[in-house]
Protein chains: 2
Amino acid sequence: MKIKIENRKEEIVTTSSKLFKEKGFSAVSMRDIAQSLGIKAASLYNHITSKQEILSIIIIGVAEKFTSGMDRIVNSDDDTISKLEQIIELHVNVTVNNADALGSLNNDWMHLLEPELSYFLKLRSQYEESFRQIIKLGVKQGELEPLNVEVMLFSVLSTLRTLYLWYAKKEGVDTKELVVQMKKVLLRGIVLKP
Amino acid sequence: MKIKIENRKEEIVTTSSKLFKEKGFSAVSMRDIAQSLGIKAASLYNHITSKQEILSIIIIGVAEKFTSGMDRIVNSDDDTISKLEQIIELHVNVTVNNADALGSLNNDWMHLLEPELSYFLKLRSQYEESFRQIIKLGVKQGELEPLNVEVMLFSVLSTLRTLYLWYAKKEGVDTKELVVQMKKVLLRGIVLKP
DNA sequence: ATTGTAAACTAACGATTGTTAGTTTTGTGT
DNA sequence: ACACAAAACTAACAATCGTTAGTTTACAAT
């Protein structure tokens, strides 16, 4: 039997995610993480090699989920509106299933060391570029308003990226309904159309 | 002559803002701040009482700018659309003039100590509540779409709050034009209207 | 020239940091 | 019952943390 070791490691990572989300990577000590698990700090090293490894697993793991999701959307032959709707669904789904990891993804990525830092930055810029190309094509084909592409890109992306901060405390909205509402707000705006 | 002391203190605060924005409050040491100013860490204490004081000045200062701006908007008798446009202008102006401080406002507020922490949380929840009431009234009076108020609120607010992360590297857009573009994207959406 | 003070310095403190070494406990397969 | 390995432990390390005490430097007012 040897499958056991991975369970404890996953426990360390998920517990660390929660703590990193609350206070940030730098403000959480190995002793904090250990205490949350009911063990001593030195015992963590039976499962992980360093504090940095925990951070890498958290960030790279969820970053790759966004990348693979985006690749699937880019390679479909749906129209622009449908692709944008799928991106919104992607973000809501990843957020709901990895809420704690998104804190580190957004705020602690700069504490990654090489080569993980460069790898993360590559994934992020590729993701943004895929998103940008979808918007550009949408404008060109007359599906989107002819507005500044960067403003459109980062307005939508900012909302999607910080969804993890506020979806949790809004019990009134379930995932399915959240997706519906966000598609309307992000794509059609909030001002009443005549 | 005694007005000199405030200059150095402001230098410490603005330099700290830049460093906190890059790596976060917890990852920046007093020695890091001192080195950026070309002095030794102990010398900082001729001007400030603690690292915490620096953080308080940064966060409370910019939080109060948002609060006073929002109060002015709430107390005007403009219609909903105009109020929302003024909120967008407020965020763009504060962001352009306090770009570095917004990093701490968004990511380091949890490292405030009492009583500043409670004060900050009060300002923030009051700001959100003012924003919420504007949206609610807009829906009631038929100026805004009858969508979920929380989704509308946090979608717009998320974009405005993280503007500091991306406006800087987009040289192609000046402030005036940025405001125009953001009003259109946030209020009218990106999908082409017939 | 002398004085006063703002603002820098050196040196050090106790606490905490991530991590390592070596040891003991725990639990499972034979 | 025994052996083995996983996973916990105690103890300690060198480095760094925020901060204090005491001293020196720089410069403006008298």
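Quick caveat, the model's predicted, so the values are computed rather than measured. In what follows, every chain begins at residue 1, and chains take the letters A, B, ... in the order their sequences are listed. When reading the values below, keep in mind they use all heavy atoms of this one structure, side chains included, and skip hydrogens, waters and symmetry mates.
Taking atom CZ of residue A/Arg8 and atom P of nucleotide C/dG27, one finds them 13 Å apart after rounding to whole Å. Spacing between atom CD1 of A/Ile48 and atom P of D/dA8 amounts to 12 Å, rounded to whole angstrom units. We find that CD1 of B/Ile39 is positioned 10 Å from C1' of C/dC9, with the value rounded to whole Å. One atom, CD of B/Gln35, and another, P of C/dA8, lie 16 Å apart when rounded to the nearest Å. Protein atom NE2 of A/His47 is 15 Å distant from nucleotide atom P of C/dT19, rounded to whole Å. Rounded to whole angstrom, the span from the CD1 atom of B/Ile12 across to the P atom of D/dG18 amounts to 14 Å. Put simply, CD on B/Glu53 is 16 Å from C1' on D/dT20, counting in whole angstrom units. As rounded to whole Å, 5 Å separates atom P of D/dT10 from atom NZ of A/Lys40.
With C/dA7, D/dT19, D/dA8 as the candidates, the nucleotide lying closest to the side chain of B/Ala41 is D/dT19. Ranking D/dT19, C/dA7, C/dT20 by closeness to the A/Tyr45 side chain, first place goes to C/dT20. Closest approach to the B/Ala42 side chain among D/dA8, C/dT19, C/dA11 is made by C/dA11 (side chain taken as heavy atoms from C-beta onward).
Screening residues 65-74 of chain A for side chain to side chain donor-acceptor pair (under 3.5 Å), with sequence neighbours left out, gives A/Lys65-A/Asn98. For residues 75-99 of chain B, the pairs satisfying salt bridge (Lys or Arg N to Asp or Glu O under 4.0 Å) are B/Glu89-B/Lys183, with sequence neighbours left out. Sorted by first and then second residue, the salt bridge (Lys or Arg N to Asp or Glu O under 4.0 Å) pairs involving residues 106-120 of chain B (not counting sequence neighbours) form an empty list.
Here B/Thr15 contributes atom OG1 and B/Asp100 contributes atom CG; the two are 9.5 Å apart, rounded to the nearest 0.5 Å.
Remark: B/Lys40 engages B/Ser43 in a side-chain contact (heavy atoms from CB on, under 4.5 Å) (not counting sequence neighbours). In this structure A/Arg31 satisfies the side-chain contact (heavy atoms from CB on, under 4.5 Å) test together with A/Ser29, A/Ala41, sequence neighbours excluded. Residues satisfying the salt bridge (Lys or Arg N to Asp or Glu O under 4.0 Å) criterion with A/Glu22, sequence neighbours excluded, are absent altogether. For B/Thr95, there are no side chain to side chain donor-acceptor pair (under 3.5 Å) partners at least two apart in sequence or on another chain.
Contacts between residues 103-119 of chain A and DNA chain D, counted as heavy-atom distances below 4.0 Å, involve no residue at all. Residues of residues 21-34 of chain B that place a heavy atom closer than 4.0 Å to DNA chain C, in numerical order, are B/Arg31.
Aromatic ring centres of A/His91 and A/Phe131: separated by at least 6.0 Å.
Two residues, A/Ser43 and B/Lys51, neighbour DNA chain D, and the one matched to the more 5' nucleotide by heavy-atom proximity is A/Ser43.
No N or O donor and acceptor, one from the side chain of B/Asn46 and one from the base of C/dA6, sit under 3.5 Å apart.
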